Every structure is written in structure tokens, then in C-alpha cells.
Amino acid sequence: RGCGENTLTAVDNGRQTKRRAPLGVRPPVPYMTDGRSGSFKERVEMPLKREMHPEFRKLDATVSALPLGLARGLDAYLKDFPFGCSEQITSGAFCRLMLTDEADFGLSRAEINKQLEHTFSVLARRQNDQGGFGYWAPETGDSISFVPAYVMDFLSESKAAGFVPPPDMFVSGLRNLQKMVTSDPKNLSEARTVAYGIYVLTREGVITTNYILNLRDYIEKNEKDQWQKDIAGVYLAGALHLLQKDAEAERLIDSYKMDNRDTLEPADFCQQPGMNSQYIAVITREFQARIRQITAEQVQHIPNPVGYRDY
């Protein structure tokens, strides 16, 4: 750890120019967040299992009667995350957006608006001329990608909460998403992303009936034993509910079980805690009567994996 220096020298016809630039030498990982979660009835101990320098460490503990207490540690983790691809900065801003109306967190709308405006600005620079979003820069190609669907979900939620994203960026992003959901998926992971995109579009008032039919034609033939128990079925259930096809929506949403791990196909942006969280988000919006049916044991399927870093 310390400061180094780079010296660049240019020589031409007996003339010489030097430029020096300082370089901070740091550990490969600037700092590490160790989050643990769980529940207890009487007493619990959380021993520190690694050495930390007292000058730099930061220790926080939150106890709450509500699962929302877990959000404080996750918010700190995302806020100070040292990298910044589109998925990562969107996740950090998404967390703040969801906490807007939670008085216990002490976040003002002005503070949240500042972070969201910064996120909008960075995402706009990473959007290509077709409306798609790249990880670090505008990207070309018509592949099915999680990031555009995730970013548009975030922008849609921001707009609904009163933090309006740039109109041109939003409209262009929706147009790109409409194009993406017409693509033929090659596996369950891509089908899941298409279903996600369809749900976001439906929330924005797009009539997605034909998109749903096209996707179901693929998954019924190729993923028949898995898709209805996957989060893809939850997304389609949410879209069908918005399209007022309630009987089919209820049948699909009933197929997903929070404790089911058998159908999970490993993917960068799909782990069990995330799928269960998205399930809760969808039923909160579209199937509110089902919220009362969620047990404390089922809720534990979301925070428990965080405790052993399975996220």
C-alpha cells in the first residue's frame, strides 16, 4: 500500500518531454463487506472470525422485528460497492429507490434524487442508438441480455415513484425491450430474461399478448418440466394478470414455490434469494391476497442465503 509514480518520456530530434502521473498502490480488494443475517428468539452471538484493523473497520448491527431491518446492511454493501458496471450501479440505486418511503432509514428524497440522477446519467452514456444498455459502454448486437431488462425495470419503478428518468432514454429503452422479447431464446436463462422483459413492458401499458404466446411456444416445447416452477412463470403470471387473464395468471403463480431448488439453472443474475425476492415483488403488485399466505419460514428463504454468502 502506498503511492507510486509513472513517468512517460517522449524524445524527438533531441527534444525531450516528461510527464509524471501518481499511482495509488492498493490491495486487490479495497475493502470487504461481510454481511450476516438470521433470526433469534432469546440470544445470539456474532463473533468476528477474521482480523481487521481497528483504524479502518466499521462494525454495524441492526435488530428489527421486521424483515426490512436486513435492508440496512444490504444498502451499505451496495452503496460502497467499489465497482460500477451497469448492473451494479442499478442495484445500488434500486435499493435506495425502494427505501424512499421508509422513515426509519432517514433518507431524504433530495438525497435519493441525487443518486438516481447520477445513475440516470451514467446509464444514458451506456445506451446505444437502438436503446439497449451495455455493461460498461454502448454495445451492439441483438442478443437477449439481462441488463436492458433490469435497467428498464429500475427506470419504470423510478418513474412510478416520481423520480422521472430522461424521456428519450426511457422511450428508446422500451422500444429496445420490445425488440428483444421477440427474439427466440436458446435456453431457460434466456427465456427467463424474455419473460422479465415482457412483464416490465406490460406494466408500462404495452399489449404483450403475442409476446407471451411466442415465448410459451418455446418453453412448452423445450422447458416443459421447469418453466412454470421458475421465476419465468411468475413474470408471465404478473403480465397475464395485468392483461386481465386472471384464471391463467392464478394457475401460473400457484406453481412457484419459495423453497424449491430443483429447477434452478445456474446463471449470473439468477440465484434463489433473488428469485424469491422477485416473487414477493410480483405478488405484492399483482396478487396481494397471496401476501397473507407467506409464512415466516418461507420468508427465511430470502435472508438465510445472505448469511452464508449464497448471493
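Note that the structure is a prediction, hence the values are computed from the model and not measured. Excluded from the calculations below are hydrogen atoms, water molecules and symmetry mates; all remaining heavy atoms, backbone and side chain alike, are included. Positions are given from 1, in the same order as the sequence printed here.
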key: Under 3.5 Å: donor-acceptor pair, side chain of N113, backbone of R109   = no

request  = Count the heavy atoms belonging to other residues, nucleotides or ligands that lie under 6.0 Å from CD of Q244, then report whether that count exceeds 12.
outcome  = no

inquiry  = Is it the case that the side chain of K257 and the backbone of D254 share a donor-acceptor pair, with hydrogens and angles ignored and the cut-off at 3.5 Å?
reply    = yes

task = Decide side-chain contact (heavy atoms from CB on, under 4.5 Å) for D153 and R203; before the verdict, give the C-alpha distance in whole Å, the side-chain angles of both, and the deciding distance to 0.1 Å.
result = CA-CA 9 Å; D153 186 11; R203 290 200 336 245; 2.8 Å; yes

key: Close side-chain approach of L201 to Q178, heavy-atom, < 4.5 Å   = yes

key: Check: Q88 side chain, C85 main-chain N or O, donor-acceptor pair, under 3.5 Å   = yes

query = S121 side chain to E117 main-chain N or O, any donor-acceptor pair under 3.5 Å?
reply = no

key: Side chain proximity check, T193 to S145, heavy atoms < 4.5 angstrom   = no

query = Would you say I253 and R290 make side-chain contact, with heavy atoms under 4.5 Å?
reply = yes

inquiry  = Contact between L215 and I212 at the side-chain level, heavy atoms closer than 4.5 Å - yes or no?
reply    = no

key: Charged N-O contact under 4.0 Å between E248 and R251   = yes

inquiry  = Does any part of the side chain of E286, heavy atoms only, come nearer than 4.5 Å to the side chain of Y199, both counted from C-beta?
reply    = yes

ask   = Do the non-hydrogen side-chain atoms of V194 and N214 ever get within less than 4.5 Å of each other?
value = no

key: Heavy-atom donor-acceptor pair, D12 side chain to R15 backbone, under 3.5 Å   = no

ask   = Can you name the nearest heavy-atom pair linking A191 to Y218, along with the distance?
value = CB-CE2, 4.2 Å

Counting only pairs under 3.5 Å, give me each side-chain donor-acceptor contact of residues 163-176, with atom names and distances, residues two or more places apart or in other chains.
residue: S172; atom: OG; partner: G131; partner atom: N; Å: 3.4

ask   = Looking only at atom types and distance, does a side-chain atom of S91 sit under 3.5 Å from a main-chain N or O of E87, one as donor and one as acceptor?
value = yes

message = What I'd like to find out is whether the side chain of F94 reaches to under 4.5 Å of the side chain of T119, using heavy atoms alone.
response = no

ask   = Does the side chain of V282 come within less than 4.5 Å of H241's, by heavy atoms?
value = no

query = Can you list the residues that meet the ring-ring contact (aromatic ring centres under 6.0 Å, His included) rule with Y196, with sequence neighbours excluded?
reply = F146, Y235

